[in-house]
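Worksheet: the structure to be examined is printed underneath.
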Amino acid sequence: MFLNKKKEERVLPQHIAIIMDGNGRWAKKRSLPRKAGHAAGSKTFKDIARYCNKIGIKYLTVYAFSTENWKRPKEEVDNIMNILRDYLKDTENFKGENIRLQFIGERGPLAEDIKELMLKAEDDSKNATGLHLNIALNYGGRDEIVHAVRDIVSRGVKAEDITEDTISENLYTSGQPDPDFIIRPSGEYRLSNYLIWQAAYAEYWFSDVLWPDFRPKHLEQALDEFSKRNRRFGGV
Ligand code: FPP
């Protein structure tokens, strides 16, 4: 009874952004190859996305692969791309979920079959009314801003007509509310070029839990903290 009341009063973020960090360390602790960490991290990703949808979060953005991640050994890059392929091919991941999928990042360098799977997943889910799930793939915040500026300039927009909204509207997240809550597990306290424009007013929550060990109960702790920080007690 009390629990329900408490949950009703809770202020939920509109848009959660997560840096899924710590897969490699999780695997190392278990003397497993790094790919086992990414596989476990992928399972966590699916569980947390479903959970966000269940509790009514409107937007979730996860960092799956950064523009810097190409520097990793080819085997590891291929492994992460294969996890993504499997995720997109497995219709069980989307059945009955009502989740709208969108990819953010520079698609150019990705494999053709992955680009096709991405487009198909976006198209298939475009009318979903539940969680809007952004997967950041070959994403970099500075890179995103450079692309936005190039687009604006190439359309001949006059310098004096450029506002903050002009920049926002030309980012991959155009039309979406900015993330108001950024979660980074695994004991790192950096933004790592993630949504650097959009994160201007976000709250942050850090945890030592490695991403593959991250469970809905950890998200709940984070959400309670978010709510505490945002409770207005009737004021403005
Ligand atoms: C960071 O941990 C994690 C990544 C660079 C990859 C994240 C990818 C997944 C969880 C799979 C995503 C899959 C889908 C379907 C979206 P790290 O390897 O940097 O860990 P470490 O810092 O402990 O080495």
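Whatever order the structure lists them in is the order used to number ligands and atoms, beginning at 1. Count residues from 1 along the sequence.
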- Query: Which residue owns the protein heavy atom closest to atom 4 (C) of ligand 1, what's the atom, and how far is it?
  - Reply: His38 CE1, 4.0 Å
- Query: Does ligand 1 have any atom that is closer than 4.0 Å to a heavy atom of Arg34?
  - Reply: yes
- Task: Identify, by atom number and element, the atoms of ligand 1 in contact range of Gly24, meaning under 4.0 Å from any of its heavy atoms.
- Result: 17 (P), 18 (O), 20 (O), 21 (P), 23 (O), 24 (O)
Expected list for residues 158-165: side-chain donor-acceptor pairs under 3.5 angstrom, two or more places apart:
| residue | atom | partner | partner atom | Å |
| --- | --- | --- | --- | --- |
| Thr163 | OG1 | Asp165 | N | 3.2 |
| Thr163 | OG1 | Thr166 | N | 3.2 |
| Thr163 | OG1 | Thr166 | OG1 | 3.1 |

- ligand 1 and Ser42, any nitrogen or oxygen pair closer than 3.5 angstrom? no
- Can you tell me which residue and heavy atom of the protein come closest to atom 13 (C) of ligand 1, and the distance to 0.1 Å? Ile83 CG2, 3.8 Å
- Partner set under ring-ring contact (aromatic ring centres under 6.0 Å, His included) for Tyr59, not counting sequence neighbours: His15, His132
- Task: Identify whether NZ of Lys or CZ of Arg in Arg72 sits under 6.0 Å from the centre of the six-membered ring of Trp70 and within 45° of that ring's axis.
- Result: no
- Would one find an N or O of Arg72, backbone or side chain, under 3.5 Å from an N or O of ligand 1? yes
- Message: Quick test: of every protein heavy atom, which one is nearest to atom 16 (C) of ligand 1, and how far off is it to 0.1 Å?
- Response: Phe45 CE2, 3.7 Å
- Could you list which atoms of ligand 1 come closer than 4.0 Å to a heavy atom of Tyr87? 15 (C)
- So the atoms of ligand 1 within less than 4.0 Å of a heavy atom of Ala64 turn out to be 6 (C), 7 (C), 8 (C), 16 (C)
- Task: Mark up the atoms of ligand 1 that fall under 4.0 Å of a heavy atom belonging to Asn69, in ascending order.
- Result: 5 (C)
- In terms of its nearest heavy atom to atom 3 (C) of ligand 1, the top option of Lys35, Met20, Arg25 is Met20
- Task: With heavy atoms of Asp21 as the reference, note each atom of ligand 1 found under 4.0 Å away.
- Result: 1 (C), 2 (O), 17 (P), 19 (O), 20 (O), 22 (O)
- Identity and distance of the protein heavy atom lying nearest atom 10 (C) of ligand 1: Asn23 ND2, 3.3 Å
